[in-house]
Number of protein chains: 2
Amino acid sequence: MMQEVHIPEDKKQRIIRAAMEHFAKNGYKKATMDEIVAAADISKGLIFHYFGNKKKLYLYLYEFAYGLVYDRIVKSFEREDLFERIRESEQIKLAVVSEYPYVLDFLLSVRRETDEQLREKISRVKVESFPPWKETFLPGLDASKLREGIGLEKVIKIISWTTDGLLAEHKDNFVLEDIFAEMDEYLDLMRKAFYKEEYQ
Amino acid sequence: MMQEVHIPEDKKQRIIRAAMEHFAKNGYKKATMDEIVAAADISKGLIFHYFGNKKKLYLYLYEFAYGLVYDRIVKSFEREDLFERIRESEQIKLAVVSEYPYVLDFLLSVRRETDEQLREKISRVKVESFPPWKETFLPGLDASKLREGIGLEKVIKIISWTTDGLLAEHKDNFVLEDIFAEMDEYLDLMRKAFYKEEYQ
DNA sequence: CACCTCATTGACTGTTTTGGTCAATTTCTA
DNA sequence: TAGAAATTGACCAAAACAGTCAATGAGGTG
């Protein structure tokens, strides 16, 4: 995404985070530049100087968020053990959200936009869920360690929803290490529950 | 909550549902009477004739939602078996959401309101999560059927988050029976996973 | 220091949206 | 068929909105 003006990194980051949060929470139309500017703690003129107008800011943000999430996900799916791989994947999710608390909410909110003009511009609104695991995650996974009657897809969903639940619980007071630690407790519990005795 | 004017039931329901959705999604300030009126498919004048003004509508809705959820939850915690009780509780949750898709979101959104005037009026904003299970749900539960190292509180949270995840997945195409059926699949899986062999 | 350049501000503007009103119309009741 | 009650939507003053721009500040260079 081209930018005509150079933007100091810290201000850029503040704008990105503030805009992400407000667009995620309120959608394109109801998010206002005044709020974003106040949250980013910069003057109103500056955001227009940097990004031109509201729509350009939104589209820039979309490119940014999409790239951010997919770059990290595509990597590191090497482990063979189910739980190791899930653990890694969920940790990436936590780490991304720790850096940009509203990326995932923002990418989900993009899909809800109804404004035609906007949808036209956003071609790649296909972020069904995070990660798009059916294609990239499942293949090559060894499900034989699971107990009888424990389905792999359901297990993955349960774990993913548990991460989301934990994230929501910690949203207001986000300390990455604490969440990692708590998530590991849940994963330990689930390993005991889902794996056959001999593999625990 | 007193109403000076009599309101036909079907219109009242349409207003309640529309207002719940918009207040839940957008918060008090950003939800507009025009949108609510359009979604409820009534004229603008009528909603003011019924509810006076925006704030009164919001407060009426809060009373309504709070009463609705708590009335149903307080009942029916008789079963002794962990999974039976959770199953019942989660089914109530699903049923409530099936009737009023945005009650839970609305009650959660109430807690996020920052407007002082509004918070003053809402005294009972203590809906931490649904259900407030630490007090009403845990006592008297028999956790002895769980496998070694499987904690009761974590199990309940995992199940609750799984219900939420399922709800989110079905939000757009809500068929109560389908969700019940799918939820039962997850509960079966989890019973196998969390319970000792002899109790399954 | 004097000069220039570029980053940054926030008061301001024209426009749109907002909560709320009310005269007019339709629907109900007897 | 008359009168009451329900319902409408054009209308209004006030507020909120995206975007502008003259003014100010900060930093560098000779």
Side-chain angles (χ1 to χ4, degrees), chain A residues 2-62 109 113-118 121, chain B residues 1-62 109 113-118 120-121:
Chain A
M2 69 238 62
Q3 287 151 212
E4 306 103 18
V5 216
H6 174 259
I7 310 177
E9 195 55 28
D10 65 318
K11 276 173 193 171
K12 190 175 165 185
Q13 289 298 325
R14 292 212 305 276
I15 293 173
I16 286 174
R17 278 161 232 269
M20 255 184 196
E21 173 170 355
H22 283 89
F23 282 132
K25 283 182 176 167
N26 304 315
Y28 179 76
K29 190 160 175 289
K30 283 175 189 280
T32 75
M33 297 299 266
D34 281 339
E35 284 174 331
I36 293 171
V37 144
D41 197 31
I42 54 159
S43 72
K44 190 164 186 184
L46 201 56
I47 204 170
F48 285 97
H49 181 58
Y50 285 156
F51 293 95
N53 60 37
K54 190 181 179 183
K55 189 161 285 175
K56 280 182 187 165
L57 170 63
Y58 188 85
L59 293 174
Y60 171 83
L61 220 62
Y62 174 69
S109 80
E113 288 298 337
T114 51
D115 182 288
E116 257 319 310
Q117 266 205 47
L118 215 59
K121 304 248 179 180
Chain B
M1 196 91 275
M2 68 236 63
Q3 287 151 213
E4 306 102 19
V5 218
H6 173 258
I7 309 177
E9 195 54 27
D10 64 320
K11 278 176 191 169
K12 189 174 165 185
Q13 289 298 326
R14 292 212 305 277
I15 293 174
I16 286 174
R17 277 162 232 269
M20 253 184 199
E21 173 170 355
H22 284 89
F23 281 131
K25 283 182 176 167
N26 305 315
Y28 178 76
K29 190 161 176 289
K30 285 174 187 280
T32 74
M33 296 299 266
D34 281 342
E35 284 173 332
I36 293 170
V37 144
D41 198 30
I42 55 160
S43 71
K44 191 166 183 183
L46 201 55
I47 204 170
F48 285 96
H49 181 57
Y50 286 155
F51 293 95
N53 59 37
K54 190 182 180 183
K55 189 160 287 176
K56 280 182 186 165
L57 170 64
Y58 188 85
L59 293 174
Y60 171 83
L61 219 63
Y62 174 67
S109 81
E113 288 300 337
T114 51
D115 183 286
E116 259 317 311
Q117 266 205 48
L118 215 60
E120 246 175 64
K121 304 249 182 183

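Chain A is the first sequence line, chain B the second, and so forth, proteins listed ahead of strands; every chain is numbered from 1.
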Find the distance [X]:[atom1] to [N]:[atom2] and express it as a whole number of Å.
{"X": "Lys54(A)", "N": "dT16(C)", "atom1": "NZ", "atom2": "P", "result": "15 Å"}
{"X": "Tyr50(B)", "N": "dG19(C)", "atom1": "OH", "atom2": "P", "result": "20 Å"}
{"X": "Lys44(B)", "N": "dT17(C)", "atom1": "NZ", "atom2": "P", "result": "12 Å"}
{"X": "Phe51(B)", "N": "dG20(C)", "atom1": "CZ", "atom2": "C1'", "result": "16 Å"}
{"X": "Ile36(B)", "N": "dG20(C)", "atom1": "CD1", "atom2": "P", "result": "11 Å"}
{"X": "Phe48(B)", "N": "dC22(C)", "atom1": "CZ", "atom2": "C1'", "result": "13 Å"}
{"X": "His49(A)", "N": "dT5(C)", "atom1": "NE2", "atom2": "C1'", "result": "12 Å"}
{"X": "Met33(B)", "N": "dG20(C)", "atom1": "CE", "atom2": "P", "result": "6 Å"}

(message) Once you apply a heavy-atom cut-off of 4.0 Å, does Lys30(A) come out as touching a base, just sugar-phosphate, or nothing?
(response)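 It contacts nothing in the nucleic acid.
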(message) Using a heavy-atom cut-off of 4.0 Å across all strands, would you classify Ala38(A) as base, sugar-phosphate, or nothing?
(response)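 It contacts nothing in the nucleic acid.
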Less than 4.5 Å apart, side chain to side chain, heavy atoms only: is that true for [X] and [Y]?
{"X": "Met33(A)", "Y": "Phe48(A)", "answer": "yes"}
{"X": "Lys54(A)", "Y": "Phe23(A)", "answer": "yes"}
{"X": "Thr32(A)", "Y": "Lys30(B)", "answer": "yes"}
{"X": "Lys121(A)", "Y": "Tyr58(A)", "answer": "no"}

(request) Between Thr32(A) and Leu46(A), just flag the one whose closest nucleotide in DNA chain D comes earlier from the 5' side. (result)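 The residue mapped nearer the 5' terminus is Thr32(A).
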Enumerate, atom names and distances included, each donor-acceptor pair closer than 3.5 Å involving a side-chain atom of residues 37-46 of chain B, sequence neighbours excluded.
| residue | atom | partner | partner atom | Å |
| --- | --- | --- | --- | --- |
| Lys44(B) | NZ | Asp34(B) | OD1 | 2.9 |

(request) Select from Asp41(A) and Lys29(A) the residue whose nearest nucleotide in DNA chain C is closer to the 5' end of that strand. (result)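 On the 5' side of the pair lies Asp41(A).
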(request) Give a yes/no answer on whether the side chain of Lys55(B) brings an N or O atom under 4.0 Å of OP1 or OP2 in dG19(C). (result)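 Looking at the OP1 and OP2 atoms of dG19(C), neither is under 4.0 Å from any side-chain N or O of Lys55(B).
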(request) For the pair Tyr60(B) (side chain) and Ile16(B) (backbone), establish whether a donor and an acceptor sit closer than 3.5 Å, ignoring hydrogens and angles. (result)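 Absent.
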(request) Check whether any side-chain N or O of Glu113(A) sits under 3.5 Å from a backbone N or O of Tyr28(A) as a donor-acceptor pair, and report yes or no. (result)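 Flag set: sc Glu113(A) to bb Tyr28(A) pair under 3.5 Å.
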(message) Taking any atom closer than 4.0 angstrom to a non-hydrogen atom of chain A, what span of DNA chain D does the protein reach, first nucleotide to last?
(response)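 First-to-last contact on DNA chain D, by the 4.0 Å heavy-atom rule, is dC17(D) to dC21(D).
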